[in-house]
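Residue numbers start from 1 in every chain, and the chains themselves are labelled A, B, ... in the order their sequence lines are given, proteins ahead of strands.
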There are 2 protein chains.
Amino acid sequence: MRIGEVARKTGVKAETIRFYEREGILTAPPRTRSNYRDYGPDEAATLTFIRRARDLGFSMPDVRELLELSNEDDRSCAAVDSLARAHLDQVERKIAALQIMRDELSRMIASCEQDTISDCRIIDTLAASHGP
Amino acid sequence: MRIGEVARKTGVKAETIRFYEREGILTAPPRTRSNYRDYGPDEAATLTFIRRARDLGFSMPDVRELLELSNEDDRSCAAVDSLARAHLDQVERKIAALQIMRDELSRMIASCEQDTISDCRIIDTLAASHGP
DNA sequence: CTTGACCTTGTAGTGGCTACAAGGTGCATA
DNA sequence: TATGCACCTTGTAGCCACTACAAGGTCAAG
Ligand SMILES: [Zn+2]
Ligand SMILES: [Zn+2]
Ligand SMILES: [Zn+2]
Ligand SMILES: [Zn+2]
């Protein structure tokens with residue numbers, strides 16, 4: 001099938017698929033007589049794999065690693081697990097950082113009494129209010 | 001003071017300060033005889049403002065807007081508030097998205113029983129297990 | 001006089017796409 | 001047959017907010 005169809009089936013845009021090919025993460029498929037990329041089900045499966053991993057926030061290097069590992073059926077999956085655990089860790093850190101942002105933003109917004117800018121607690125907080 | 005000192009005082013790296021100047025977000029300071037940038041307390045205050053806003057996750061366009069608004073003392077702070085609220089909203093969306101990631105990752109990791117890759121539930125999930 | 005910390009400019013790289021531009025191909029319809 | 005239209009091709013540049021590096025200038029201490 002052509003790139004547009006595999007794009008629809010996998011949820012990965014055609015431009016992105018070409019990008020993955022350039023980057024070497026997806027092997028180049030055969031071409032039709034008219035030089036169109038001609039994908040089979042294997043490539044579609046790989047793209048689905050990539051999209052799921054990306055949706056879970058794995059970086060492209062992580063995805064590369066996961067793809068390689070996924071082909072080594074007989075090896076232990078310890079490497080997969082530790083990669084996933086490390087990633088979960090990162091996600092949790094990111095959540096924690098964003099929750100701090102959220103709390104600070106909420107406090108700022110709550111403290112503002114809709115006055116003039118010179119009295120605005122939001123501007124005040126940003127300008128100098130806390131810290132040395 | 002020179003760029004290194006203001007960098008230390010504000011927590012904004014020298015390279016970043018020069019970058020802000022190129023981008024027009026920070027006005028170019030006077031220069032010493034030897035062509036070094038010579039900052040006063042106002043620029044330092046602006047940089048602190050920028051850093052605090054960035055730490056709270058505001059985008060550079062947002063920061064620009066906030067800086068402009070911060071100079072208009074007599075206007076109502078409604079624009080500031082709505083900008084902050086919109087940003088808080090985005091942060092909350094991001095947290096929600098990351099929590100979904102986290103939960104899915106946790107489930108995947110918990111379901112794996114440290115076997116071979118061909119039996120790994122993490123690889124399975126990525127490859128095809130859920131969805132059409 | 002040399003060392004080393006600091007400063008200057010400019011350019012290119014990061015991640016992960018996304019958006020063109022300019023042209024070729026394939027199929028349905030008038 | 002012609003025409004339109006959707007689709008495909010390549011290559012390049014842009015996005016965000018920096019960050020790194022190269023090649024050189026300046027200044028105070030020892
Ligand atoms: Zn990761
Ligand atoms: Zn306010
Ligand atoms: Zn914002
Ligand atoms: Zn496993």
- Query: Is any side-chain nitrogen or oxygen of A:Arg18 closer than 4.0 Å to OP1 or OP2 of D:dT9?
  - Reply: yes
- Between B:Arg37 and C:dT9, is there a side-chain N or O to OP1/OP2 distance below 4.0 Å?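 Yes, within the criterion.
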- Message: Of the listed nucleotides (D:dA17, C:dG16, C:dT8), which one gets closest to any side-chain atom of B:Asn35?
- Response: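 Nearest nucleotide to the side chain: C:dT8.
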- Of the nucleotides C:dC7, D:dC18, C:dC17, which one has an atom closest to the side chain of B:Tyr20? D:dC18
Throw together a table of side-chain donor-acceptor distances under 3.5 angstrom for residues 4-11 of chain B, partners on residues two or more places apart or in other chains.
| from | atom 1 | to | atom 2 | distance (Å) |
| --- | --- | --- | --- | --- |
| B:Glu5 | OE2 | B:Lys9 | NZ | 3.3 |
| B:Thr10 | OG1 | B:Val6 | O | 2.8 |
| B:Thr10 | OG1 | B:Val12 | N | 3.2 |

- Excluding sequence neighbours, so at least two apart, what forms side chain to side chain contact (heavy atoms under 4.5 Å, CB included) with B:Thr27? none
- Message: I'd like to know if the side chain of B:His87 reaches the main chain of B:Asp62, judged simply by a donor and an acceptor atom lying under 3.5 Å from each other, with no hydrogens or angles considered.
- Response: no
- Item | Selection residues 32-47 of chain A - residue pairs positive for salt bridge (charged side-chain N to carboxylate O under 4.0 Å, His left out), sequence neighbours left out | A:Glu21-A:Arg37
- Message: Could you tell me if the side chain of A:Val63 sits less than 4.5 Å from the side chain of A:Leu67, heavy atoms only?
- Response: yes
Scan nucleotides 27-30 of chain D against the protein and return all N/O pairs shorter than 3.5 Å with their distances rounded to 0.1 Å.
| from | atom 1 | to | atom 2 | distance (Å) |
| --- | --- | --- | --- | --- |
| D:dC27 | OP1 | B:Ser34 | OG | 3.0 |

Output a table of nitrogen or oxygen pairs between the protein and nucleotides 19-23 of chain C separated by less than 3.5 Å.
none

- For DNA chain C, determine which residues of residues 40-50 of chain A have any heavy atom closer than 4.0 angstrom to one of its atoms, and list them numerically.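 Hits under 4.0 Å, by residue number: none.
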- Query: When B:Glu104 is tested against each of A:Asp55, A:Leu56, A:Val91, A:Leu88 for side chain to side chain contact (heavy atoms under 4.5 Å, CB included), which residue passes?
  - Reply: A:Leu56
